[in-house]
Each structure stands twice: as structure tokens, then as C-alpha cells.
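Report on the following structure.
Everything numeric here is computed off the predicted structure, so don't read it as measured data. FYI, side chains are in, hydrogens and waters are out, and symmetry mates aren't considered; it's all heavy atoms of this structure.
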Amino acid sequence: MGYRLWRKGFQRDAGMRVVIVGAGQAGAALAARLRALGHAGEIVMLGDEPAPPYQRPPLSKAYLLGEMEEDRLWLRSPEFWAENNVTLRLGQAVTGIDTLGKTVTVGGEALEYDQLALTTGSSPRRLSPALGGALEGVFAVRTLADVDAMRAEFQPGRRVIIVGGGYIGLEAAAVAAKLGLNVTVLEMAPRILQRVAAPETSAHVRALHQSHGVTVLEETGLDRLEGDDRVTGAILKDGRILPADFVIVGVGITPNTHLAENAGLAIDNGIATDAFGRTSDPAIWAAGDCASFPHGGGRLRLESVGNAIDMAEAVAANILGAGQPYEAKPWFWSDQFDLKLQIAGLNTGYDRIVTRKGEGDAVSFWYYEGDRLLAVDAMNDSRAYMVGKRLIEAGKSPTAEAVTSTPDLKALLKA
């Protein structure tokens, strides 16, 4: 396969060393794709965590629940990397990039590159020490080490406060409730998921959590966490004090751009790339959570597994000379209790919601801007998700009446 693709314009330069900074989902996908496309040169992947590339979504779900062992998180077996001659250097942070000398500094060594890919991901926003963020018993959910540090806290009857009603916080809340903890979710905005979902989706998810005993406090601001060395509770803006045995902070993530900034690369809501994934330096590329790219007359940065994989694979091809613009096809998912929420498209700019009731507890919310379908939130309704995704990617927009009244949604694809 590699030879056939090379004949269509891909380079098989055995002397080209590609260095990948970031050993997460995007970095792993980029390295694997380079080899699949026939790249014969050296590939070095650098990661600051000691674990090999692993998937993050199960961290706040199956892994936290104790239903998945660490080696099942790994994206590829150690044998895969060895057999494909991908050098992993783990547990060492890259501290600098010299764009003139074309080197990165790692472990005190200047490592040369011909092409450099930044897949540095993102980091969770944390509460400042002034707000109690440095107290023992305050956790974030991002890395394997984060979850390993908090797992022992999940004991029945203990009290946990989740700061932030986004997907990460709600997934952690669901795990805690399933394990028998007393769970309170604090959301400063008028409703949970306000930044990413319609009121209908928020209401559905809120009712689900409340049915499992989770206390959801919306439009409730946190003043600060209290405690001497270890957190003992949360003081709210309205003066209430909620006791807590530990706290999980899930208030969003920020792209890891410091290396790129220090190297003088253009930054615009992440490391700014062109349509091909190339940064302002022609020998440096970026993909995944850390990167923004042209989209719809502006710029877009997506925080999702799907984008990490798709953009990284597009960048791998373009490093080898494909010259193909990256076209994002956004999709997301979240698992909470017995709910599988699947999302297709981007709902930015929607002005109405069309609700379709499926079988049993299945329901989907279809986002429209005028007559144009933008996105679909599907709750335990994989068919609505798949059909909606295909419609959006094909640029098709069924009428609201068709969405609600067509018995078999697949018929919408033929209309």
C-alpha cells in the first residue's frame, strides 16, 4: 500500500527524520499514518508522561470505575512501535525548539529534525491557590496520573464536589454516584453544558443525574475552597458552605502552546496552522487539541478524539507531500450512567431545535440555523447519530417535519 500511495505523490525519503512532540492520541495517529503511507525515514515521538500513548476518554469512565486495566488504555502495543521502528522517548519534557538549527531540546539533548510535528494537546484549567486549588484532595481529570491519584478517594458514602458542569465533570459525577458517593455538581452558568449544548440536552442530562441522586446546583458560583492543608468544603458566592471529602475541578482545558510561542510560531486560539496543518514555520506542523485551522471563514480548534486522529492523519500525509487540505468532520461522545450521548456537527449559530423521539428512552435533538441542519445530539439513539452525521457531511438538510415524522431515518439519506 505504501508504494502505491508514494507513486501518487507521497515522499519516501529514508533520510527525513520526523520528530513528534506529544505522545497522545494525535501523536500516535500521526506516527502510525506516516508508516502506513510508506515513510521510510526515522520517526521519534517524545512524551512527557512515562506511559506509552494511551486513550484519554476511558480515564473518567471505565478506568476510574475500575473496569479497565492500564494496558487496555494503550493505543498500540509496545510491539507495534518496535516493529514499525518508531522510537518512543517517554517521561521527558521538551523544553525548547530551535527553529534555525532545527532541533528540539529534550533531556538536555538537542535532537535534530527535518520535519517537526507538535501534538502537544491541552491541559486542564485549575483553580488558583488563592481559591484553594493547591489544597490536598483537589483533583483534575486529564492524565493517567491525575486519575491514579484520585482513585482511592472514591469510597461509598464519601462527599465529592464537582466544580464545573461540562462533560468531564458530569462523567466523573456519574462514576462517583455509581460507586455510592454523595455527589454535588456546581455550575456557575445558568445550566450545565451551556457552552456546548442546547437547553433540551442540558435538561435531559440534568434529569438523568438527579434520578441517580446527584445534586446539581446551577447558577451557583464558587467563592473558594476551604481547608488547612486538605480541602474540607466549598464556600459558595451566596455564603453557603458545602462540606467535602474531596473535590474534582472540571472547568475546561487550554491548548498547550508554550513551546510554539517560545519558538516564535503564530498563535491564534492554539497553534495556528494553514489548511494543510503547517504552522508559520514551513518545517513545523501541528495537530489535535493544540492546533487551530481555517474553517468557514474563520479559525476553529476542536477538542475531540475524532479531530485528533483525523487531523494528525491529514498532517502525516501532507508531511509526505500530499497537499490535501484538512476538512474537519466534527463528532463527539459522552457516556454517563446508562446514557450514550453522541454528537455530530457543530451547533454554533443555531436558532431552533427539532426533537425526535426514538424507541424506548432514545431521543435526539436536531440543531438548525434557518433551514440548514448544523448538528445532532443523539441520546441512546445511534441511528439518529449516524444518519445525522452523514446528512451534515453531505450538506443535506431535511425539513423539521421529515425529521419528526419519517419512520425510518435512513430514508432521509435518499431524499
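Side chains of Asn256 and Ser123: a donor-acceptor N/O pair is present below 3.5 angstrom, by distance only. Inspection of the Glu171 and Ser334 side chains reveals an N or O donor paired with an N or O acceptor under 3.5 Å. Between the side chains of Ser292 and Arg299, at least one donor N or O lies within less than 3.5 Å of an accepting N or O. No side-chain N or O of Glu401 forms a donor-acceptor pair with one of Thr399 less than 3.5 Å apart. Remark: the Thr257 side chain and the Glu261 side chain contain an N/O donor-acceptor pair separated by less than 3.5 Å. Between the side chains of Tyr326 and Asn307, a donor-acceptor pair is found at a separation under 3.5 Å. A side-chain donor from one of Arg151 and Tyr63 sits under 3.5 Å from a side-chain acceptor of the other.
Between Tyr167 and Ile343, the closest side-chain pair of non-hydrogen atoms falls below 4.5 Å. At a threshold of 4.5 Å between non-hydrogen side-chain atoms, the residues His39 and Val18 count as touching. Residues Leu346 and Leu300 meet the side-chain proximity criterion, which asks for heavy atoms closer than 4.5 Å. Within the 4.5 Å cutoff, side-chain heavy atoms of Tyr113 are placed close to those of Ile284. Residues Leu320 and Met16 meet the side-chain proximity criterion, which asks for heavy atoms closer than 4.5 Å. At least one side-chain heavy atom of Val363 sits under 4.5 Å from a side-chain heavy atom of His204. Annotation: side chain of Leu59 is in contact with side chain of Tyr54 (closest heavy-atom distance under 4.5 Å).
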Practice item. With salt bridge (charged side-chain N to carboxylate O under 4.0 Å, His left out) as the test, would you mind laying out the steps for Asp245 and Arg159 before giving the verdict? Key: CA-CA 5 Å; Asp245 294 301; Arg159 300 162 299 186; 3.4 Å; yes
**Study point:** His209 vs Leu170, side-chain contact (heavy atoms from CB on, under 4.5 Å): CA-CA, chis, key distance, verdict
**Key:** CA-CA 8 Å; His209 278 261; Leu170 292 171; 3.9 Å; yes
Point to revise | Steps toward side-chain contact (heavy atoms from CB on, under 4.5 Å) verdict (Leu374, Thr348) | key: CA-CA 8 Å; Leu374 300 178; Thr348 306; over 6 Å; no
Point to revise | Full working for side-chain contact (heavy atoms from CB on, under 4.5 Å) between Arg76 and Val86 | key: CA-CA 12 Å; Arg76 304 279 188 169; Val86 175; over 6 Å; no
Point to revise | Intermediate values then yes/no, salt bridge (charged side-chain N to carboxylate O under 4.0 Å, His left out), Arg191 and Glu187 | key: CA-CA 7 Å; Arg191 57 182 174 85; Glu187 174 52 60; over 6 Å; no
Review point. Does the side-chain contact (heavy atoms from CB on, under 4.5 Å) test come out yes or no for Ile97 and Asn262, once each step is laid out?
Key: CA-CA 8 Å; Ile97 300 170; Asn262 292 341; over 6 Å; no
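Using a distance-only test at 3.5 Å, with no hydrogens or angles considered, no donor-acceptor pair links the side chain of Arg158 to the main chain of Asn182. With hydrogens and angles ignored, the 3.5 Å screen pairs a side-chain donor or acceptor of Arg301 with a backbone N or O of Asn269. With Asp98 contributing its side chain and Gly101 its backbone, the two residues share a donor-acceptor pair below 3.5 Å. Put simply, the side chain of Glu218 gets close to the backbone of Ile192: a donor and an acceptor are under 3.5 Å apart. Distance alone, capped at 3.5 Å, places no donor-acceptor pair between the Asp377 side chain and the Ser364 backbone. Between the Thr201 side chain and the Ala197 main chain, no donor and acceptor come within less than 3.5 Å of each other. Although no hydrogens or angles enter the test, the distance criterion places a donor-acceptor pair under 3.5 Å between the side chain of Lys61 and the main chain of Pro57. Side-chain atoms of Arg278 do not come within 3.5 Å of backbone N or O of Ala283 as any donor-acceptor pair. In terms of modelled atom types and a separation under 3.5 Å, the side chain of Thr406 and the main chain of Val403 share no donor-acceptor contact. Between the side chain of Asp274 and the backbone N or O of Phe276, at least one donor-acceptor pair lies under 3.5 Å.
Atom-to-atom distance recorded for Arg125:CZ and Ile253:CD1 is 8.0 Å, nearest 0.5 angstrom. Atom-to-atom distance recorded for Ile248:CD1 and Phe139:CZ is 8.0 Å, nearest 0.5 angstrom. Annotation: the span from Leu259 atom CG to Ile271 atom CD1 amounts to 8.0 Å, rounded to 0.5 Å. Rounding to the nearest 0.5 Å places CZ of Phe293 at 10.5 Å from CD of Glu327. Atom-to-atom distance recorded for Trp331:CH2 and Leu302:CG is 11.5 Å, nearest 0.5 angstrom. Between the CG atom in Asn380 and the OH atom in Tyr385 there is a gap of 14.5 Å [rounded to 0.5 Å].
Other residues, nucleotides and ligands place more than 12 heavy atoms under 6.0 Å from the CD atom of Glu70. Within a 6.0 Å radius of CG in Asp371, no more than 12 heavy atoms belonging to other residues, nucleotides or ligands are found. The local environment of CE in Met188 is sparse, with at most 12 non-hydrogen atoms from other residues, nucleotides or ligands closer than 6.0 Å. The environment of CZ in Arg230 is crowded: more than 12 heavy-atom neighbours from other residues, nucleotides or ligands sit within 6.0 Å. No more than 12 heavy-atom neighbours from other residues, nucleotides or ligands sit within 6.0 angstrom of NZ on Lys410.
Aromatic ring centroids of Phe154 and Phe246 lie under 6.0 Å apart.
With sequence neighbours left out, Arg142 forms a salt bridge (Lys or Arg N to Asp or Glu O under 4.0 Å) with Asp289.
No salt bridge links Arg72 with Glu69; every basic N to acidic carboxylate O contact stays at or beyond 4.0 Å. Salt-bridge check for Lys340 with Asp381: failed, with every basic side-chain N at 4.0 Å or more from each acidic carboxylate O. Glu109 and Arg89 are joined by a salt bridge, as a carboxylate oxygen and a charged side-chain nitrogen come within less than 4.0 angstrom of each other.
Across every non-hydrogen atom of Ala173 and Val183, the tightest pair is CB-CG1, 3.8 Å.
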